[in-house]
Amino acid sequence: MNVEAPIDEVSARAYEIPTDAPEADGTLAWSSTTLVLAEVAAGGRRGIGYTYATGACGELITGPLANAVSGRSALDITGCWEAMVIAMRNNGRPGLVSCAISAVDTALWDLKGKLLDLPVCRLLGMAREEVPIYGSGGFTTYDDGQTRAQLGRWVDDWKIPRVKIKIGESWGSDVARDLARIALARSIIGSDTELYVDANGGYRRKQAIRLAHAMAEHDVTWFEEPVSSDDLAGLHEVRDQVAPDVTAGEYGYDLAYFNRMLKADAVDCLQADVTRCGGITDWLRAAAVAAAYNVDVSGHCAPNLHAHVASAIPNLRHLEYFHDHHRIEHMLFDGALSPEGGALRPDRQRPGLGLEIKNRDAEEYRVA
């Protein structure tokens, strides 16, 4: 096999998977999730990567991004990444462009691992053998029974020692219910499990501070996006006046975003999403920027894409084991990792990212 063979094909497919129940957070409701799969071929092998974004990403992948990387060596991922960024200059870097680049970049890392018969965690170098996770869901649309069943499964069945629920319902207009749901969550998980909350930017600054003081009796240690992640001064203000760690960063599409957030002292832990920030290549760089500020990193969603790259950084706190993405990745991919024991363990016996699309199972959800 010629591992130096040039990239000879780039393709994309989109899948739309309905939720298993109505879902909402503090600022948005949804009934399905779209996954856009990128495939890159070279040397008789195929690498896969994906992003959670609209199917319009597929046109960017098969058009300008394919043109940018075709003919290049699949081993030269940094060169491919730079070529994609340059090719997309006039289309803007943040948003769908970065999601599309992320899907191709992760596919390139998967392909390189397959060409060299190595898992991606070994290509990167491992700082740890297992990656801590937290259970994430607890949607504002859930009733008490749904919340109890979900949190109980995470804590009792899978032994995950940290969980997160959504609050900030209807843009922070029902704080009483938010507090009641926080109390319910604590009663379900007991005193030994960490409790996190995510407002998705639904509160105003002082409202978020008052809420943090009101929920103190339930020992909440993680307060995600108490105000908009674009309000860096607001995040800093809240962070200075509350006990839980204030976190944000999941909407970061480039290094400049992460640097601005860290420079503003806006967060105690930086979130970064490998399906949005520019793939594995720039996720590693984002983690290095955070390390320069002595800040930990948490991987946002897409647990099976994060597992390998998260194992490679010293300043990792954990990964978000998000309910929707857990369902989708186990439905669509062979090799999806088990959350049991509260950690993901990259499979070092499978090359690349250890994932293969289940074409027959996935076909019913294909939209493009």
Side-chain angles (χ1 to χ4, degrees), residues 49 102 105-106 109-110 113 119-136 154 158-164 193-196 198 221-225 229 239 244-255 257-259 261-262 265-322 325-326 329 336-348 352-355:
S102 298
D105 181 82
T106 52
W109 280 101
D110 185 49
V120 168
C121 60
R122 285 300 190 198
L123 292 179
L124 300 174
M126 299 181 72
R128 56 180 48 79
E129 294 186 356
E130 60 180 32
V131 178
I133 61 172
Y134 66 88
S136 171
W154 294 337
W158 295 346
K159 309 303 180 186
I160 300 176
R162 53 196 79 84
V163 304
K164 186 177 80 180
T193 300
E194 292 183 58
L195 178 57
Y196 299 171
D198 182 0
T221 56
W222 173 278
F223 197 176
E224 185 174 331
E225 289 189 331
S229 56
R239 182 188 177 208
D245 283 353
V246 168
T247 70
E250 65 190 65
Y251 299 110
Y253 294 105
D254 55 31
L255 291 185
Y257 173 100
F258 298 117
N259 187 60
M261 182 167 279
L262 292 161
D265 287 330
V267 294
D268 295 289
C269 182
L270 182 72
Q271 293 176 285
D273 188 328
V274 74
T275 75
R276 293 174 178 167
C277 75
I280 289 172
T281 298
D282 241 20
W283 199 93
L284 289 168
R285 293 169 175 163
V289 173
Y293 286 89
N294 296 305
V295 171
D296 287 344
V297 171
S298 178
H300 173 260
C301 295
N304 286 281
L305 279 193
H306 278 101
H308 284 260
V309 66
S311 74
I313 65 167
N315 59 321
L316 178 79
R317 186 170 301 191
H318 44 42
L319 298 183
E320 180 172 12
Y321 202 77
F322 184 52
H325 296 179
H326 154 72
E329 291 171 4
L337 301 171
S338 169
E340 293 185 10
L344 299 185
R345 300 159 187 84
D347 189 341
R348 285 175 281 172
L353 294 168
L355 299 172

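Side chains included, hydrogens not; waters and symmetry mates left out as well; all remaining heavy atoms used. Counting begins at 1 with the first residue of the sequence.
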*Backbone N/O of Asn304 and side chain of Glu329: donor-acceptor pair under 3.5 Å*: yes

*asked:* The criterion is salt bridge (Lys or Arg N to Asp or Glu O under 4.0 Å); which residues satisfy it with Asp273, sequence neighbours excluded?
replied: Arg276

*Measure across Ala290 and Leu270 and return the closest heavy-atom pair with its distance rounded to 0.1 Å.*
CB-CD2, 4.0 Å

_salt bridge (Lys or Arg N to Asp or Glu O under 4.0 Å) against Arg348, all qualifying residues, sequence neighbours excluded_ = Glu129

*asked:* Given 3.5 Å as the limit, does a donor-acceptor pair link the side chain of Asn315 with the main chain of Val295, or not?
replied: yes

*Is there a side-chain contact between Gln271 and Ser229 (heavy atoms, below 4.5 Å)?*
no

*So which heavy atom on Ala312 is nearest to which on Leu124, and how close?*
CB-CB, 3.7 Å

*Do Asp282 side-chain atoms and Arg285 backbone N/O form a donor-acceptor pair below 3.5 Å?*
no

*asked:* Nearest 0.5 angstrom please: Lys164 NZ to Phe322 CZ, how far?
replied: 8.0 Å

*pair Leu195-Val163: side-chain heavy atoms closer than 4.5 Å*: yes

*Heavy atoms only: give me the nearest Leu337-Ala307 pair and the separation to one decimal.*
CD1-CB, 3.6 Å

*For ring-ring contact (aromatic ring centres under 6.0 Å, His included), just list the numbers for Trp158 and His326, CA-CA rounded to whole Å, side-chain angles, deciding distance to a tenth of an Å, and then say yes or no.*
CA-CA 13 Å; Trp158 295 346; His326 154 72; 5.1 Å; yes

_Minimum side-chain heavy-atom gap Leu344-Pro303 below 4.5 Å_ = yes

*asked:* Return the CD to CD distance between Glu250 and Glu320, rounded to the nearest 0.5 Å.
replied: 7.0 Å

_Glu340: partners by salt bridge (Lys or Arg N to Asp or Glu O under 4.0 Å), with sequence neighbours left out_ = none

*Who passes ring-ring contact (aromatic ring centres under 6.0 Å, His included) against Tyr134, sequence neighbours left out?*
Tyr196, Trp222, His318

*Mind checking the SG-CG spacing from Cys301 to Leu319? Nearest 0.5 Å is all I need.*
10.5 Å

*Please confirm whether the backbone N or O of Ile280 pairs with a side-chain atom of Asp105, one donor and one acceptor, at under 3.5 Å?*
yes

_Interatomic distance, Asp268 atom CG to Arg239 atom CZ [nearest 0.5 angstrom]_ = 4.0 Å

*Got a second to check how far Thr247's OG1 is from Glu225's CD, nearest 0.5 Å?*
7.5 Å

_Can you give me the closest heavy-atom contact between Cys277 and Ser102, atom names plus distance?_
N-OG, 3.6 Å

*asked:* Nearest 0.5 Å, please: how far is OG in Ser136 from CD1 in Ile160?
replied: 10.0 Å

*Does anything in residues 284-308 pair up under ring-ring contact (aromatic ring centres under 6.0 Å, His included), and if so which pairs, sequence neighbours excluded?*
Trp283-His306

*asked:* As a quick check of understanding, evaluate side chain to side chain contact (heavy atoms under 4.5 Å, CB included) for Leu355 and Asp110, giving each step before the final call.
replied: CA-CA 9 Å; Leu355 299 172; Asp110 185 49; 6.0 Å; no

_Quick check: closest heavy atoms across Ile133 and Arg162, and the distance to 0.1 Å?_
O-NH1, 2.7 Å

*Taking salt bridge (Lys or Arg N to Asp or Glu O under 4.0 Å) as the test, write out the residues that go with Asp296, two or more places apart.*
Arg317

*asked:* Evaluate Leu353 against Leu305 for side chain to side chain contact (heavy atoms under 4.5 Å, CB included), listing each step before the verdict.
replied: CA-CA 7 Å; Leu353 294 168; Leu305 279 193; 3.7 Å; yes

